[in-house]
Peer 1: 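My structure is below; once you've seen it, I'll send some questions.
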2 protein chains.
Amino acid sequence: MARVKNESVRQAILTSAASQIAMTSYMDTTVAKIAKGAGIAPSNVYVYFESKLQIYFTIYTPWFEAQVLALERAVARLKTPERKIQRLVGGLLNDIADDKTGYTSALMEGLAIVMPKDKYKPDLLHWAENKIVQIVCNAIEGAKPEDPRLRAFAHLLMLTFDGVAMRVKSQRAANESTANRSDVEEALVGMLIGGR
Amino acid sequence: MARVKNESVRQAILTSAASQIAMTSYMDTTVAKIAKGAGIAPSNVYVYFESKLQIYFTIYTPWFEAQVLALERAVARLKTPERKIQRLVGGLLNDIADDKTGYTSALMEGLAIVMPKDKYKPDLLHWAENKIVQIVCNAIEGAKPEDPRLRAFAHLLMLTFDGVAMRVKSQRAANESTANRSDVEEALVGMLIGGR
DNA sequence: TTTCATAAAAGAACGTCATTCGTTATAGCA
DNA sequence: TGCTATAACGAATGACGTTCTTTTATGAAA
């Protein structure tokens, strides 16, 4: 019929936004800068995405999933249950919640200002919790996915994930060093690996 | 010398801001609305506070401290260590992180957008973690404040606190019901109370 | 009481941003 | 070669935190 959306423009928007967010933060990444980086007018961004937040979720969701799946593979390579669980917890809290790109930090900014109109659905969180359960079941002989203690572990781990991401943000703002997170990781591991 | 700041105006600003935040959220509470509620011009707000965020911290800090101290007293009234720790965890996660006023929810919005210029200092978090250690020591015979496992528990509990507050915000936005948090609470209690 | 310096109070203006509106230009189809 | 839907654009719009400029009230000194 008429003119058609250009996939390369859509990609340019995502690429530009991703590099802006990684360089600064969600708040400092303006639609104007995203558009400039993509070589288009700011108003044209809205032909491809309905809001700035949606652009960000379009970037974050596959990134997060890829990180978790990579972690799953890394865990599978380890031999003992203890090492596996340690890697799972450490990977989530250090590599993903406190990632170099700052994507998760940006997630906190995004979620904090979510409004009903943005129609945010916490599918990603549910997916992550289920994935954690699955990884633990593969790591520990005899662990059952329905075990409420296991589900509690997964939920607690994701709540801690959010907490760490939140803390990372404000600590960076306060120029404060990362607190000793290893004790917390040990405690979480201890929940599943009986050892005292 | 000259005209002097009116303490009642300062209080009017705080009262107006507190009720606005409780009714809506941090983001929806504009300086203009705060000023209107206080019966002054928006610009005059800046004679008493240097930023909107500072107004909020002025409200939140004493509120949070009072909540924690009240919780401490409630815990002291209970008899068994198990009940005490249960109350501590439940009080923090349900009554304070998921409070009716929405103050803690607003904290997440504030922290998420903290910029270095706002000079946020995480004193409150450190105070809370130390307080948790103290409450646990009073609850459990022989618990030592220096015990790294105890400090890890306190840190984990506060990270979970942030996570819950964060979740509350976005779940409210998604009109989703509160997930079953009791399993998580049980798991946290289990860290200190050896039982299953 | 009058004067005067100081600072609170008010109002207008600024700068920033996400988003929308009105218009133009262009890709696809008859 | 037109015709049409719509991508693309530039110029608004509307919010909002904050600052600038001006006015006004206060309290101390004369």
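Every heavy atom of this structure was used, including side-chain atoms; hydrogens, water molecules and symmetry mates were not.
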Peer 1: Which of the following nucleotides, C/dT19, C/dA27, D/dT26, is nearest to the side chain of A/Arg3?
Peer 2: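 Closest of the options to the side chain of A/Arg3: C/dA27.
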
Peer 1: Using a cut-off of less than 4.0 Å, is there contact between a side-chain N or O of A/Tyr48 and OP1 or OP2 of D/dA8?
Peer 2: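 Checking A/Tyr48 against D/dA8: at least one side-chain N or O falls below 4.0 Å of OP1 or OP2.
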
Peer 1: Quick one: bend of the helix from C/dT1-D/dA30 to C/dA30-D/dT1 from 5 pairs per end, to 10°?
Peer 2: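 Computed from the C1' atoms at both ends, the axes differ by 20°.
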
Peer 1: Taking side chain to side chain donor-acceptor pair (under 3.5 Å) as the definition, give me every residue that meets it alongside A/Glu141, ordered by chain and number, with sequence neighbours left out.
Peer 2: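 None.
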
Peer 1: Using side chain to side chain donor-acceptor pair (under 3.5 Å) as the criterion, list what pairs up with B/Thr101, not counting sequence neighbours.
Peer 2: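 Scan of B/Thr101 (side chain to side chain donor-acceptor pair (under 3.5 Å), adjacent residues dropped) gives B/Asp99.
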
Peer 1: Apply side chain to side chain donor-acceptor pair (under 3.5 Å) to A/Asn6 and list each qualifying residue two or more places apart in sequence or on a separate chain.
Peer 2: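 In terms of side chain to side chain donor-acceptor pair (under 3.5 Å), with neighbours along the sequence ignored, A/Asn6 is linked to A/Ser8.
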
Peer 1: Is any side-chain heavy atom of A/Phe153 closer than 4.5 Å to a side-chain heavy atom of A/Val133?
Peer 2: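 Not in contact.
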
Peer 1: On DNA chain D, check which nucleotide each of B/Val4 and A/Lys5 is closest to and give me the residue with the more 5' one.
Peer 2: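 Upstream on the strand: A/Lys5.
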
Peer 1: Just distance, no hydrogens or angles: give the donor-acceptor pairs under 3.5 Å from side chains in residues 39-46 of chain A, sequence neighbours left out.
Peer 2:
none

Peer 1: Counting only pairs under 3.5 Å, give me each side-chain donor-acceptor contact of residues 73-80 of chain A, with atom names and distances, residues two or more places apart or in other chains.
Peer 2:
from, atom 1, to, atom 2, distance (Å)
A/Thr80, OG1, A/Arg83, N, 3.1

Peer 1: Not counting sequence neighbours, which residues clear side chain to side chain donor-acceptor pair (under 3.5 Å) with A/Arg10? List them please.
Peer 2: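 So A/Arg10 forms no side chain to side chain donor-acceptor pair (under 3.5 Å) with any residue.
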
Peer 1: Taking salt bridge (charged side-chain N to carboxylate O under 4.0 Å, His left out) as the test, write out the residues that go with A/Glu72, two or more places apart.
Peer 2: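 A/Glu72 satisfies salt bridge (charged side-chain N to carboxylate O under 4.0 Å, His left out) with A/Lys131 only.
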
Peer 1: Within residues 34-47 of chain B, find the residues that approach DNA chain D with a heavy atom at under 4.0 Å, and present them sorted by residue number.
Peer 2: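 Here the set is B/Ser43, B/Tyr46.
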
